[in-house]
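Since we're looking at a predicted model, the values are computed, not measured.
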Amino acid sequence: MADKTPKEQAEAAFAKRIDPMSEDLSVEQKHFIRQVELAQWKKKTQQLRGRNVATGLAIGAIVMGIYGYTFYSVSQEKIMDELDEEAKVARMRGSKTGAN
């Protein structure tokens, strides 16, 4: 009861999947198929380009973060140099014996 459309119209509403290699198609049909495939490819390419840009920016941000952290941690190594200087001064002020 819910389906009141005739069977002929219902089947015609959907595209029939074909194999272009095995079926005889005219030059115009092959050209149309190529145009449709190209349009689909361009649409997918735009979507992938957006994803690739987002991925590239994320990877770049991670790399820059690691690079910045490396510079930050290297600048913290000055503390170790200061401690070495203090130890050197302490050794110099230490007792002078014949073993030194």
Side-chain angles (χ1 to χ4, degrees):
M1 264 192 204
D3 188 20
K4 295 187 180 192
T5 59
K7 290 252 183 192
E8 298 86 28
Q9 290 179 352
E11 290 177 12
F14 297 101
K16 180 182 171 188
R17 187 174 291 266
I18 61 166
D19 183 18
M21 297 298 173
S22 65
E23 297 200 23
D24 290 333
L25 298 176
S26 69
V27 176
E28 293 85 16
Q29 289 172 328
K30 289 180 183 179
H31 182 66
F32 179 73
I33 289 172
R34 282 192 205 110
Q35 285 180 329
V36 170
E37 287 174 346
L38 182 63
Q40 290 172 347
W41 182 78
K42 284 181 181 180
K43 182 180 176 183
K44 290 284 184 183
T45 302
Q46 290 295 344
Q47 291 172 346
L48 286 175
R49 185 172 291 135
R51 289 181 191 161
N52 288 346
V53 167
T55 303
L57 290 174
I59 291 172
I62 290 170
V63 167
M64 291 305 294
I66 291 170
Y67 190 70
Y69 178 75
T70 302
F71 270 106
Y72 176 74
S73 64
V74 167
S75 69
Q76 294 294 318
E77 288 184 11
K78 291 180 184 175
I79 294 171
M80 295 303 291
D81 292 338
E82 291 172 3
L83 290 175
D84 288 341
E85 294 271 335
E86 289 177 10
K88 187 184 213 181
V89 170
R91 272 189 261 130
M92 297 281 274
R93 289 186 185 167
S95 62
K96 300 278 186 180
T97 62
N100 288 351

- Spacing of Arg51 atom CZ and Gln47 atom CD [to the nearest 0.5 Å]: 6.0 Å

- Can you measure from CD (Glu28) to NZ (Lys30) and round to the nearest 0.5 angstrom? 11.0 Å

- Item | Leu57 side, atom CG; Asn52 side, atom CG - distance, nearest 0.5 Å | 11.0 Å

- Using the side chain to side chain contact (heavy atoms under 4.5 Å, CB included) rule, take Thr45 and Arg49 through it: C-alpha gap first, then chi angles, then the decisive distance, then the call. CA-CA 6 Å; Thr45 302; Arg49 185 172 291 135; 3.8 Å; yes

- Message: Could you measure the distance from the CD atom of Gln29 to the CZ atom of Phe32? Nearest 0.5 Å is fine.
- Response: 10.0 Å

- Can you sort out the partners of Tyr69 under ring pair (Phe, Tyr, Trp, His ring centres under 6.0 Å), two or more places apart, ordered by chain and number? none

- Task: First locate atom NZ of Lys42, then atom CG of Leu38, and finally report the distance between them rounded to the nearest 0.5 Å.
- Result: 4.5 Å

- Message: I need the His31 NE2 to Arg34 CZ distance, nearest 0.5 Å.
- Response: 8.0 Å

